[in-house]
*Asks:* 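Before I ask anything, let me first share the structure, which is written out below as structure tokens.
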Amino acid sequence: MSTTFQLDTATSRANPTPAPMKRLTIPAIRQRKKDGVTAQPVVMLTAYTARQAQLLDAHCDLLLVGDSLGQVIYGLPSSVPVTLDMMAAHGAAVVRGSYHAAVVVDMPFGAYEASPVQAFESASRLLKETGCAAVKLEGGEAMAETVAFLTARGIPVMGHVGLTPQAVNVLGGYNARGRSDAEAAKIVGDARALSDAGAFAIVIEGVVEPIAIAITQAVPCPTIGIGASAQCDGQVLVTEDMLGMFERVPRFVKIYDNIAETISNAAARYAGEVRDRSFPGIEQTYQPK
Ligand code: KIV
């Protein structure tokens, strides 16, 4: 069933019909995995805007305001230049546009690595200004102390191991990680350290499949794969990638639609009508298909 929205002019909030389910909590997501088994896989997609969140919300358990917005929304070359201000603005929009999924906001590069105190200041700002339920940060063992610090102070943390795009300048690119035994053992150790520190879930990105399976078996919290393994406890994709917004996407992305073609065709039709003066008068406006 499709959801429609009515604007409440008193609050400027668009209220969905039918009324959505209650918003999922972080403990509910964490408890999806019991005794190593996740009967109901965790569904996560990225969202950066209120309207996108409205459309994805009913289908997802988690909406991730990923720092991938640097490339997807701002045309930046990587996620490194993304700022806390950007994450706060887009996080607030996604929370306003969602009612059911728990919203997780990425901590951008430079906003948390220096110390647990720096991380607490950034994360608490994101929670206060956006209303999100949790933050995500990249890195393994080196971030375990920070994860424990935040969790003990009321901030749920999602970990992110394997290919960590904020470290692109150290990694030298976006290739799959864990091809040597030593690197594979390090990534599994990173995930264990984050889990022991209290992470409620861990994204595993861009690793060879046996590593994702080993982590999923080793940690009690849900693992969420992206270019990792179908055997993770859940999956995440960048929404614009799976909608076919870009010509080039990572090899592991399944493309479910061709939104780039739809937009380009609509713009071409509009441009043609303006140029040949067949653009309709106000009495003949388009109805959505
Ligand atoms: O920034 C992002 O979108 C992410 C996902 C790809 C996991 O971190």
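If you're wondering where the values come from, they're calculated on a predicted model, not measured in any experiment. Counting starts at 1 for both ligands and their atoms, following the listed order.
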*Asks:* Once rounded to the nearest 0.5 Å, what's the spacing between atom CG of D257 and atom OG1 of T262?
*Replies:*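 Output value for this atom pair is 6.0 Å.
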*Asks:* Using a strict cut-off of 4.0 Å, indicate which atoms of ligand 1 neighbour a heavy atom of D106.
*Replies:*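 Selected atoms, number and element: 1 (O), 2 (C), 8 (O).
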*Asks:* Please check if atom CZ in R192 has more than 12 non-hydrogen atoms from other residues, nucleotides or ligands closer than 6.0 Å.
*Replies:*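 No, because the 6.0 Å sphere around CZ of R192 holds 12 heavy atoms or fewer from other groups.
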*Asks:* Would you please test D85 and R125 for salt bridge (Lys or Arg N to Asp or Glu O under 4.0 Å) and show each step?
*Replies:* CA-CA 10 Å; D85 285 345; R125 178 180 164 200; 2.7 Å; yes
*Asks:* Say whether D67, considering both its backbone and side-chain N or O atoms, lies within less than 3.5 Å of an N or O atom on ligand 1.
*Replies:*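 Such a contact does occur with ligand 1.
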*Asks:* Using a 6.0 Å cut-off, check whether atom CG of D276 has over 12 heavy atoms from anything other than its own residue.
*Replies:*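 Counting neighbours around CG of D276, more than 12 heavy atoms of other residues, nucleotides or ligands fall under 6.0 Å, so yes.
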*Asks:* Pair up each side-chain donor or acceptor in residues 156-170 with any protein partner under 3.5 Å, not counting sequence neighbours, and list the distances.
*Replies:*
from : atom 1 : to   : atom 2 : distance (Å)
H160 : ND1    : K136 : NZ     : 2.7
H160 : NE2    : L163 : O      : 3.3
H160 : NE2    : E205 : OE1    : 2.9
Q166 : OE1    : Y112 : OH     : 2.8
Q166 : NE2    : D67  : OD2    : 2.6
Q166 : NE2    : M107 : O      : 3.0

*Asks:* Just which atoms of ligand 1 are under 4.0 Å from any heavy atom in S68?
*Replies:*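 Here the atoms of ligand 1 in question are 1 (O), 2 (C), 3 (O).
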*Asks:* Can you list the ligand 1 atoms lying under 4.0 Å from a non-hydrogen atom of I226?
*Replies:*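 Reading through ligand 1 atom by atom, the close ones are 6 (C).
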*Asks:* Counting heavy atoms not belonging to M245, are there more than 12 under 6.0 Å from its CE?
*Replies:*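 Atom CE in M245 is not packed in, count stays at 12 or less.
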*Asks:* Compute the minimum heavy-atom distance from K136 to ligand 1 and say whether it is under 4.0 Å.
*Replies:*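 Right, K136 reaches ligand 1.
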*Asks:* Show which side-chain atoms of residues 139-150 pair as donor or acceptor with protein atoms under 3.5 Å away, not counting sequence neighbours.
*Replies:*
none

*Asks:* So which protein heavy atom does atom 4 (C) of ligand 1 come closest to, and at what separation?
*Replies:*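 Protein heavy atom with the smallest distance to atom 4 (C) of ligand 1: L64 CD2, 3.6 Å.
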*Asks:* Give the atoms of ligand 1, by number and element, whose distance to some non-hydrogen atom of H160 is under 4.0 Å.
*Replies:*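 Here the atoms of ligand 1 in question are 8 (O).
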*Asks:* Give the atoms of ligand 1, by number and element, whose distance to some non-hydrogen atom of T46 is under 4.0 Å.
*Replies:*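 It comes down to these atoms of ligand 1: 3 (O).
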*Asks:* Considering only heavy atoms of G66, which atoms of ligand 1 have at least one such atom less than 4.0 Å away?
*Replies:*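 Ligand 1 atoms under the 4.0 Å threshold to G66: 1 (O), 2 (C), 3 (O).
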